[in-house]
Amino acid sequence: MDREAIITASTQHNIIPGRVYKYGTAGFRMSADLLDGVTFRVGLLAALRSRKLNGQAIGVMITASHNPAVDNGVKIVDPLGDMLEQEWEAYATNLVNAPSHGELVEYFIKLADTLKIDLASPGKVIVGRDTRPSGITLVTALADSLAATNTTFVDYKILTTPQLHYLTRCVNTAGTPGAYGEVSEAGYYSKLLEAFYRALRGRKVSGGLTVDCANGVGGPKLNELLKRHDAQKTGLQVKVINDDVLRPEILNLDCGADFVKTRQRAPPNPKPAPGERWCSLDGDADRLIYYWVDPDTGFFMLDGDRIATLAASFIADLSRSAGLEHQLRIGVIQTAYANGASTKYIEQHLQLPVVCTPTGVKHLHHAACSFDIGVYFEANGHGTVLFSPTAVQTFKTKEPQSPAQKDALDILSALADLINQTVGDAISDMLMVEVILAHKAWTMKDWALTYKDLPNRLVRVEVGNKDLFQTTDAERKLSHPVGCQDEIDKEVKKYTAARSFARASGTENACRVYAEAATRSEADELANKVAVIVLCLSLLAATSTLAVPSLLKQTRLSPVVRQGSKLLVDGKQWKSVGPNVYWLGLDENVTPPAGEPYDPSTKSSYPTKERVTEVMAVVNALGGTMIRTHTLGVSTGNPLSIWPKQGVVNEEAFNIIDWAVYQAGLYGVRLLVPLVDNYDYYHGGKYNFLRWAGFDLTQARDSNNPQIQQFYTNATIVSAFKDYIKTLLTHRNQYNNLTYAEDPTIFAYETGNELLGPVWGDMNCPADWVRDIAKYVKGLAPNKLFFDGTYGINKTHLSIEEVDVFSDHFYPTNNAKLQAGIKAVEGAGRVYFAGEYDWVGQSGGDSLESFFSDSREQSRSRRRHFLELIWEEWPGL
Ligand SMILES: CC(=O)N[C@H]1[C@@H](OP(=O)(O)O)O[C@H](CO)[C@@H](O)[C@@H]1O
C-alpha cells in the first residue's frame, strides 16, 4: 500500500485540529462541516476492516438520522449488516484523532500490522447516504481514501439506513445458503412486498394509513415501494406526507418520529383527523412511531414499547398455535427508557422474559441474538425482531398437524422475511404492524387498550462534561459522580410507583433524565428534581475542566516518596501546593437545616458532599496538588467527632471524611492530615486527651500550665492517643474500600497542628514523643510520609529518622526564620515545608512578595531542597 498516496489524499481532507472525535452509538455525528476529514479516515478504517474479514464488503452509511439538516454522520456496517464490532469503534476513534497526516498513516500501518491484516489483499466498501446535500462531498472524501488504499468502492447513492444494512448483508451472502436477498434496491422492495403478501395470508388491512416521512429519505423510498405494491391485494392504502426532499432545510423540521416521540404530539402540519391511523418515520427511516387522535381523549402515541408488545404478543400466539411454545424461546429486549407498564405487561400478561440493556441498538441486537425469537425495540421506535436460523428452519420444516398450525407456521416464516434481520427498519416494521393489526382485526384503540402507560417525562440536561456521569445496571443507576444516585433515590422514594434515572447521552454532550410515576404531575416534578441534582453535580465538576481526566481514570494515586530533601511521585519531583481547608470533616461555619446533625454549643455540623467536592474541583482547577486539612484527622471530644469520648467511635463522623478522601483521590488532590491540635477548638485536640485522663485543663485557663506537657509524657494519655490514631488509620473508606493507612491520597500524617509546650513559641514538643508517634504511624501505614507538626524547627528533632518533613508556620511572614529553617532542615537531608503563613499581612512581617521570592530562590539555588508554600485557610468555600 502506498503511504505517500494516502498522505497526499489525506491532506485534502483535514480534521479540525484540537477537536476530539469519538465513535459513539451512531458512529461519528456532528455538524456536517466538521466531517470531511473524519469521513476520509472512516474510509481507511473500512478498508482495513474489509481486509481483516477476508475481503467481505463493509458498509458505510452517511446520515445524521433525526438530527437537524445541518448535521451529518458516518457509521460503519459489518458484513452481515450489523453494527461495527465494539473493539473496532476504538480503532475508529484513534484513527480519526491522529494529529497529523503522517501520524495517521503510521497508525493505519501499525493497526494493520497488529491485527495481521494483509494490505495487499483485496478490500471492498459499499456506501449509502441520506438526502442531506452535505452527503455528496462526504462520499467524495470516502471515495478518496478508498482509492488511496486500492479498495473497491460501490456507491449506492441515496438509501435509507436499513437499506444499506440490507445491501451489505446481501452482497456478502450472495450465492451462499444464507443468501439474504437480491443485491439491489429493487430486491429490497420485492423481498418486503412478497413477504408482506404472504404474512397477510389473504387478510386485508382495514382503513388508510398516513405516513409522515420527516422530509427525509424514507419519503422517496416508501414511494418506490408503493409503486410496486398491489393495494387491491392487501387493502393497505398509504398516504405519504412530509416527503419533500428538495428543500433540505425542512428535514426533520416539526415532523418525523423523533418530533412525535419527544414532543408527545402529532406533527402540526398536516394534522391527523380524529380516528385516522398515522405513523412517522425519522430522517433515515430506521425509527417508527404510530399514533392517532382519539375523538374523546385526544392524541395517543404507540411508540417502540407498544410495537414491541404488539409484535411479541402476536408472535407468541403464533408460536403457540404452531405448537412451538416449548421449542422456541421468545424474549423481549428493552432499555431503561421502556415504560414500566410495558415491562409489566410483557412479563405478567404475555409471560415472556424481558432483558434490559444499555441504550443503543447494538446492545439490544446483541441480547436479542440469545433467543430463538428476540423482539427488541427502543422506546423511540427503533427496533426489529430477530429470528435465529433454528427458528427459521423450524418454520420451514415442521410438519403441520392442522390447517391452523400450517397457517401459523407460514405466517411466522413470512414474518422472518418481512422483518429486516439486520437492523431496525421503519418501512419493514410498518408493514409488520399492519400485518398484525389486520390479523387481530384491531383498531388503534384496541392496540392502545392493551395496557396503560405510566406517565413519564424525558428531560435533557446540558452539562459541562457528560463523561462524569457513568452508569451501572444497564444504565439504570449512576455509579459516578458518587453519591448522585443516592440523591436520586431519595427523591424517587417520595413518589408513587416512581422510577427515575439519569445517564450521559451517547450522541450529544448532555445528560438525559427519565422519570415515571403514577400521575403526570408527579412524573414531571420528579424529572425536574432529578435534573436539578444532575445539573448541580455537573456544575461542581465544571468548576474544573482539569479535574476531568483524573475523575475518569479513577486509578489510585501513586504514593509520594521522599528522596533526601525532595519529594517524588513516579520518580519525578512532586511539588506540594495547596490550601488549608480545615473544615472538610467537621465545620463550624454553617447551620444545617433542622434535623441534620448539629452541635449548637460549638456550632459544628458536617459539610455537605457538594461543598467538599467543590473544594476538590477548585483546588484541582487552580493547579493545587494537595490540601492540609485538620478535621480529617483531628476529630475528638465533640458529639459529632470520630471520638466524641475516649474510645467511643462515632461511625457517622466517617461519612463525610470518607467522601472527602475519596473525592480528593478522584480529583488527584493529595491530603496532609494533622492528628491533634495544640488548641481547644470545636474539632478537638490535646485538651480532650488531657481531660479524659483527669487533667481538668482548658486552653483559655491553662495554656501556660506545665501540666499540659502531660499530653506528651503521660503514658496513659500517649496510649489513648495511639488508640485514637489506630481508629483513624484502620478505618476502611466506604467509597473506595481502602483503609486510610492504605489510601495513598492521604500522602502524609502530621503529629499535630502547631504543637507547643506551656510557653508560646517554646517548640517544647518532646523529641521522644515525636519519634514514638512517628514510629507508631509508620508501623500502621508504612507508605506514608510523616510530618513533625511542632510549631517551629526544633533542632533536637532533626535526628528523628522517622520524620520526613519538618514544617513551620509564619504569623507574621519572616524571611530570616524561613531561611534559617530551610538551612537547618536541608542540612539534615529532609524536606522543609511552610505549612501556613499570614497571606493578608495582618500581623506585619516581611512583604509577601519577598517571602515568596525568598522561598523560590531557595528552592532554585539549592535544588535538593523542597519548599512549597501552602495557601492560607479557605473558610469561605
Ligand atoms: C433516549 C433516546 O431516545 N436515546 C437515543 C439516542 O441516544 P442517546 O445516547 O440517549 O443520545 O440516540 C441513539 C441513536 O439514535 C438511540 O439509540 C437512543 O435510543
Side-chain angles (χ1 to χ4, degrees), residues 465 467-473 476-491 501-504 533-534 536-541 543-544 547-559 578 581 583-587 596-597 605-620 626-627 629-633 635 640-642 649-673 727-749 780-781 783-784 877:
N465 179 0
D467 293 333
L468 296 172
F469 293 82
Q470 293 170 25
T471 55
T472 73
D473 189 18
R476 288 174 288 196
K477 287 196 166 66
L478 278 174
S479 59
H480 292 86
V482 174
C484 191
Q485 188 62 46
D486 296 344
E487 300 300 321
I488 295 174
D489 292 344
K490 264 193 232 162
E491 284 307 324
F501 65 91
R503 56 174 278 279
I533 293 172
V534 167
C536 283
L537 278 145
S538 83
L539 285 176
L540 283 182
T543 51
S544 169
V548 173
S550 50
L551 267 178
L552 289 181
K553 268 195 261 150
Q554 285 182 55
T555 46
R556 257 200 225 191
L557 298 180
S558 301
V581 188
W583 50 260
L584 292 175
L586 191 63
D587 192 17
E596 298 284 323
S605 61
Y606 298 122
T608 62
K609 285 180 171 170
E610 287 77 8
R611 267 179 84 211
V612 170
T613 300
E614 186 182 12
V615 171
M616 303 306 166
V618 173
V619 170
N620 179 298
M626 54 85 73
I627 291 175
T629 173
H630 293 32
T631 54
L632 297 197
S635 184
L640 305 188
S641 299
I642 293 175
V649 180
N650 168 23
E651 289 294 338
E652 199 184 2
F654 281 114
N655 287 341
I656 197 66
I657 300 178
D658 282 353
W659 177 257
V661 174
Y662 175 64
Q663 290 290 293
L666 288 185
Y667 281 89
V669 174
R670 291 179 171 81
L671 300 170
L672 165 60
V673 179
T727 302
L728 192 68
L729 267 67
T730 55
H731 170 79
R732 196 168 284 282
N733 190 321
Q734 60 193 292
Y735 298 107
N736 64 12
N737 207 29
L738 295 175
T739 65
Y740 291 169
E742 291 164 344
D743 193 337
T745 309
I746 302 169
F747 79 101
Y749 278 104
L780 289 169
N783 296 325
K784 285 201 200 307
L877 279 170

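Positions are given from 1 along the sequence. Only this structure's heavy atoms are used, side chains among them; waters, hydrogens and symmetry mates stay out.
- Residue Leu557 holds its CG atom at 13.5 Å from OH of Tyr667, rounded to the nearest 0.5 Å.
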Full working for side-chain hydrogen bond (donor to acceptor under 3.5 Å, both in side chains) between Asp743 and Asn733:
CA-CA 9 Å; Asp743 193 337; Asn733 190 321; 4.8 Å; no

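- Between the CE atom of Met626 and the CZ atom of Arg670 there is a distance of 10.5 Å, given to the nearest 0.5 Å.
- Using a 4.0 Å cut-off between charged nitrogen and carboxylate oxygen, Arg611 and Asp587 count as a salt-bridge pair.
- Residues meeting the side chain to side chain contact (heavy atoms under 4.5 Å, CB included) test with Asn655, sequence neighbours left out: Glu652, Gln734.
- Every residue two or more places apart in sequence or in another chain that forms a side-chain hydrogen bond (donor to acceptor under 3.5 Å, both in side chains) with Ser558 is listed here: Asp570.
- At distances below 3.5 Å, not a single donor-acceptor pair connects side-chain atoms of Ser635 with backbone N or O atoms of Ser641.
- Every residue meeting the side chain to side chain contact (heavy atoms under 4.5 Å, CB included) condition with Asp486, not counting sequence neighbours, appears here in chain and number order: Lys609.
- Summarising the geometry, atom CD1 belonging to Ile746 is positioned 7.0 Å from atom CG belonging to Leu632; distances are rounded to the nearest 0.5 Å.
- Taking the six-membered ring for Trp and thresholds of 30 and 60 degrees, His731 and Phe654 have nearly parallel ring planes, at less than 30 degrees apart.
- Taking CZ of Phe501 as the reference point, atom NZ of Lys477 lies at 12.0 Å (rounded to 0.5 Å).
- Here the straight-line distance linking atom CD1 of Ile657 with atom CG of Leu728 works out to 7.0 Å at 0.5 Å rounding.
- Looking at Val661 and Leu671, their side chains come closer than 4.5 Å, going by heavy atoms from C-beta outward.
- Interatomic distance, Leu729 CG to Lys784 NZ, rounded to the nearest 0.5 Å: 7.0 Å.
- Between the side chains of Gln663 and Thr613, at least one donor N or O sits under 3.5 Å from an acceptor N or O.
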